[in-house]
Amino acid sequence: MTTVDDPTTGNPAEEPGPPDGPNGTTGAESAAGTNGATGAEGAAGPNGAAGGGSASAADGAQAEAVAGLHERTLRVLDRLLYDARFRETFVTGGPRSTELGLEADLLDAFDLVDTRELVQVGRNIRSDVTSGGTGTGLGLARTFPRTLRAVRERGGGGLKEVAEEFIASPSFQEFRDVPFSPRGRGRTLPECFHRWVADHPRHTRHGSLEPLAFHEAAEAVVRTVSTGADATFDVGMPGAARHGDTLCIFRDYASAPPVWKLRPTIYLAGNSRCVVGGVSPAVYGGLVAVLGGRAESLPVRVREALERRLRNWGLR
């Protein structure tokens, strides 16, 4: 990642088949009429009218019930993996604990869960989120050092507590740790963490921590995009837009406390390069105009200067 300075600001810049009939035929064959007609035809009335309507309706209802059971099972599994408090209650009280509120048709299946393995999997997930791993990048500890320090100073807990609360949140559900997930395209871990910080009431009680989390998340997002990994996820950081082939983010941080020393900053990613640095809003406007091929209105000297800057950054 390239850090730059604006000369004017000096800021760093994933069914079974039918059962066999009595003579070894398949269920469908056994249901055939005496003349080899198909099951539906054999069941037809004297005028050839099909009599399988009620059977089809019953099959549809059964398939819907199975799908519903499957979906409810997955929801409980998700909570066991990602919600530390829910998992702890399950481990100590079992699936029949009234605190869990599991439905009766799920209990037998969850009686079979190996709780020791469940606890270990939960720890592994938290470790990947905090310290980095496949799909999680650098992890929270190295991506958000300043934000985590500020959360701790406000009594919001240490890294373990913060990670467990984040992992159990709806914000984390948008994260995908593998590309091309059946659940669809998701977002990077840094962006999801920024959203969690921004939406959490505790992080706004004494002045929002969102600007600080934004800065650290934006740096991580452009660094990831510069590797080409954005083919597998979406970027939804506030203000993020593509100009030409370059992802551009800008924030002036006017609402940030002076103690954080945040200045108007650009975050650019393209051509296997990323650039983060302080620039004025006017310079940012000129840069995105050039990147987006809309620089005709700029004075020639300004346009040439911006082109040189982009070439120096490897974005041209």
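Just so you know, these numbers use all the heavy atoms, side chains as well, and skip hydrogens, waters and symmetry mates.
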Residue pair Val129 / Phe175, side-chain heavy-atom distance below 4.5 Å: no
Connected via hydrophobic side-chain network under 4.5 Å: Tyr267 and Trp260: yes
Straight-line distance of Phe250 CZ to Leu268 CG, nearest 0.5 Å: 11.0 Å
pair Phe166-Leu140: side-chain heavy atoms closer than 4.5 Å: yes
Minimum heavy-atom distance Pro95-Leu102, with the two atoms named: O-CD1, 3.6 Å
Distance (rounded to the nearest 0.5 Å) between Ser127 OG and Arg123 CZ: 11.5 Å
Partners meeting side-chain hydrogen bond (donor to acceptor under 3.5 Å, both in side chains) with Arg223 (sequence neighbours left out): none
Heavy-atom closest contact (Leu315 atom, Gly270 atom, distance): CD2-O, 3.3 Å
Residue pairs fulfilling side-chain hydrogen bond (donor to acceptor under 3.5 Å, both in side chains) with at least one residue in residues 282-306, sequence neighbours excluded: His243-Arg294
Thr265/Arg251 under side-chain contact (heavy atoms from CB on, under 4.5 Å): CA gap, chis, key distance, verdict: CA-CA 6 Å; Thr265 305; Arg251 182 137 176 193; 5.9 Å; no
Parallel, tilted or perpendicular: rings of Trp196 and Phe193 (30°, 60°): tilted
CD/Glu88: more than 12 non-hydrogen atoms of other groups inside 6.0 Å: no
Euclidean distance, Arg146 CZ relative to Glu216 CD, rounded to 0.5 Å: 6.5 Å
More than 12 heavy atoms from other groups under 6.0 Å of CD on Glu307: yes
Over 12 foreign heavy atoms within 6.0 Å of CG, Asp245: no
Heavy-atom pair of closest approach, residues Ala218 and Met237: N-CE, 3.9 Å
Separation of Arg142 CZ from Thr130 OG1 (nearest 0.5 Å): 10.5 Å
Evaluation steps, side-chain contact (heavy atoms from CB on, under 4.5 Å), between Arg308 and Arg311: CA-CA 5 Å; Arg308 283 196 301 270; Arg311 283 196 296 271; 3.1 Å; yes
Arg309 vs Val290 side-chain heavy atoms within contact, under 4.5 Å: no
Phe110 vs Thr73, side-chain contact (heavy atoms from CB on, under 4.5 Å): CA-CA, chis, key distance, verdict: CA-CA 9 Å; Phe110 283 98; Thr73 301; 3.9 Å; yes
Side chain proximity check, Gln173 to Tyr82, heavy atoms < 4.5 angstrom: yes
Arg85 atom CZ, neighbour heavy-atom count above 12 within 6.0 Å: no
Leu159 reachable from Leu138 in the ILVMFWY side-chain graph, under 4.5 Å edges: no
Spacing of Thr246 atom OG1 and Leu291 atom CG [to the nearest 0.5 Å]: 4.5 Å
Leu112 reachable from Leu107 in the ILVMFWY side-chain graph, under 4.5 Å edges: no
Donor-acceptor under 3.5 Å (Asn271 side chain, Gly314 main chain): yes
Straight-line distance of Phe233 CZ to Leu189 CG, nearest 0.5 Å: 11.5 Å
Where Gly94 and Leu100 come nearest, the two heavy atoms and their spacing: O-CD1, 3.3 Å
Expected output: side-chain Glu191 to main-chain Val221 donor-acceptor under 3.5 Å: no
Closest non-hydrogen atom pair, Pro211 against Ser255: CG-OG, 4.3 Å
same_hphob_cluster(Leu310, Val300) at 4.5 Å side-chain heavy-atom cutoff: no
Which atom of Val222 lies closest to which atom of Ala269, heavy atoms considered: O-CB, 3.4 Å
Cluster overlap Val66 with Leu69, hydrophobic side-chain contacts below 4.5 Å: no
Side chain proximity check, Asp128 to Ile125, heavy atoms < 4.5 angstrom: no
Arg152 side chain vs Gly157 backbone, donor-acceptor pair below 3.5 Å: no
Check: Arg96 and Asp111 side chains under 4.5 Å, non-hydrogen atoms: yes
Test item: Phe144 and Leu212 side chains (from C-beta on) under 4.5 Å apart, heavy atoms: no
Within-4.5 Å side-chain heavy-atom neighbours: His194 and Pro238: yes
Glu103 bridged to Arg75 by N-O distance under 4.0 Å: no
Worked check of side-chain contact (heavy atoms from CB on, under 4.5 Å) between Thr92 and Glu99: CA-CA 11 Å; Thr92 58; Glu99 293 182 54; over 6 Å; no
